[in-house]
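Take a look at the structure below.
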2 protein chains.
Amino acid sequence: MRVSTRLSDSIHILAFLQIFHGKLPLTSENIAGSVRTSPVVIRRLMSALRKGGLIETVPGSADPRLARPASEISLYDIYLAVEGSDRHLFTIDEKTAPECIVGGNIQATLAEYYHQAEVAAQAKLATVTLQDVLDSILVRQAQKEAARRKDENK
Amino acid sequence: MRVSTRLSDSIHILAFLQIFHGKLPLTSENIAGSVRTSPVVIRRLMSALRKGGLIETVPGSADPRLARPASEISLYDIYLAVEGSDRHLFTIDEKTAPECIVGGNIQATLAEYYHQAEVAAQAKLATVTLQDVLDSILVRQAQKEAARRKDENK
DNA sequence: CTCCTTGTAACTTTTACAGTTTCACATTAG
DNA sequence: CTAATGTGAAACTGTAAAAGTTACAAGGAG
């Protein structure tokens with residue numbers, strides 16, 4: 001399974017926007033530096049986020065911002081914006097022999113069970129907001145700095 | 001995302017074994033006919049299922065069988081056997097800039113949230129057994145045949 | 001023994017995604 | 001106005017995972 005890092009990178013972008021807003025020029029190049037990818041990849045993802053109504057941007061102006069508060073953007077919202085609703089976690093083999101009892105009925109059967117599993121995962125993602133991610137990041141950063149100070153003083 | 005159809009095809013194989021046991025020679029070629037793939041692909045998947053303790057086979061003999069009742073094999077068992085436990089539904093971008101507050105902390109943060117979503121999906125898969133799949137397949141087949149008869153009689 | 005089958009390794013093909021190049025257009029500063 | 005900077009989008013290339021193929025050694029059945 002080759003899986004895209006689109007969701008990861010998109011969450012990264014949104015977190016970056018929020019944390020560095022007003023502190024750095026929010027160019028696609030600066031964001032790309034943190035994600036370690038090319039500016040074009042960032043712009044592609046931001047295009048999807050914009051179409052999904054999660055951010056607002058002005059062409060030529062390096063100042064994108066969240067379209068609504070971080071606490072009102074769930075990871076599932078981001079997933080939908082950049083992966084779309086027709087993206088599936090599990091894949092059904094579509095070419096099985098229709099004349100066989102198994103091959104002719106397994107697709108519909110698995111579609112049902114796979115859907116249940118996907119909905120369960122999506123529901124979990126929907127409970128986590130961008131604000132939760134920001135809080136986690138800041139807590140982890142504070143812990144790192146505390147550990148570093150302790151290390152220096154011993 | 002190029003996603004593997006390993007889970008789908010493996011469920012297909014196990015269902016095929018159970019339904020056609022004693023009615024057809026269960027050669028990799030016959031199974032491949034129903035899955036519409038090559039016999040080697042089938043043998044590769046069956047190798048994983050055998051190592052995962054789900055089926056028992058005898059080299060040279062076309063008579064593989066389930067290692068335990070279909071009601072005691074969950075879709076998650078099959079998933080584990082053919083995809084492994086280090087396979088993830090969501091992928092984290094591992095190359096983000098460690099010196100950045102976001103890039104340096106987002107991986108651990110997302111790992112936690114992604115894990116929760118994966119566990120939710122896996123738990124759903126664990127509640128479905130191969131027997132459930134077999135029942136669904138047989139019900140769907142019966143419905144198809146009923147619809148066909150009704151169609152012929154009108 | 002002969003034929004068929006399994007099990008596995010090596011190789012090729014396919015395909016989805018990441019990343020690059022390029023260009024038109026918008027904004028801002030001087 | 002114009003130069004510099006940045007966005008938005010399309011076309012193209014590179015890459016890695018999975019599917020599929022070929023080949024062959026070794027295990028059963030008649």
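Below, read A as the first sequence line, B as the second, and so on, with proteins coming before strands; counting in each chain starts at 1.
Rounded to whole angstrom, the span from the CG atom of D93(B) across to the P atom of dG19(C) amounts to 7 Å. Nucleotide dG6(D) holds its P atom 10 Å from the CZ atom of R43(A), rounded to whole Å. The distance between atom CD1 of I31(B) and atom C1' of dT5(C), rounded to the nearest whole Å, is 12 Å. Distance N30(A) CG to dT5(D) C1': 12 Å, rounded to the nearest Å. Rounded to an integer number of Å, the gap from CG of D63(B) to P of dG27(D) is 19 Å. Taking atom CG of L26(B) as the reference point, atom C1' of dC4(C) lies 15 Å away to the nearest angstrom. One interatomic measurement links the two molecules: CG of L45(B) to C1' of dT8(C), which rounds to 14 Å at whole-angstrom precision. Rounded to an integer number of Å, the gap from I55(B) CD1 to dT6(C) C1' is 11 Å.
Checking S47(B) against P39(A), the closest nucleotide of DNA chain C that is more toward the 5' end is the one next to S47(B). Between V58(B) and T37(A), the residue anchored closer to the 5' end of DNA chain C is V58(B), taking for each the nucleotide with the nearest heavy atom.
Within the structure, every side-chain polar atom (N or O) of R44(A) is placed at least 4.0 Å from both OP1 and OP2 of dA10(D). When the side-chain nitrogen and oxygen atoms of S28(B) are compared with OP1 and OP2 of dT5(C), none of them lie within a distance under 4.0 Å. Side-chain nitrogen and oxygen atoms of T57(A) include none within less than 4.0 Å of the OP1 or OP2 phosphate oxygen of dT7(D). The shortest distance between the side-chain N/O atoms of K51(B) and the OP1/OP2 oxygens of dG7(C) is not below 4.0 Å.
Enclosure of atom CD in E29(A) is not indicated, since only 12 or fewer non-hydrogen atoms of other residues, nucleotides or ligands lie within 6.0 angstrom.
Of the possible donor and acceptor atoms, none in the side chain of D93(A) sits under 3.5 Å from a partner among the backbone N and O of D9(B).
What you find for R65(B) and D63(B) is that their closest heavy atoms are NH2-OD2, 2.7 Å.
Residue side chain R50(A) does not reach the base of dG8(D) through any donor-acceptor N/O pair under 3.5 Å, judged by distance alone.
Contact annotation for S38(A): base contact, defined as any heavy-atom pair under 4.0 Å involving a base atom. Looking at heavy-atom distances under 4.0 Å, I42(A) makes no contact with the nucleic acid at all.
In this pair, Y79(B) and Y76(B) present their aromatic rings parallel. The plane angle is below 30°, not in the 30 to 60° band.
For the pair Q141(A) and E145(A), the minimum side-chain heavy-atom distance is below 4.5 Å.
Among the nucleotides dG7(C), dG20(D), dT5(C), the one closest to the side chain of P59(B) is dG7(C). Of the candidates dG19(C), dT22(D), dT20(C), dT20(C) carries the atom nearest the V40(A) side chain, counting heavy atoms from C-beta on.
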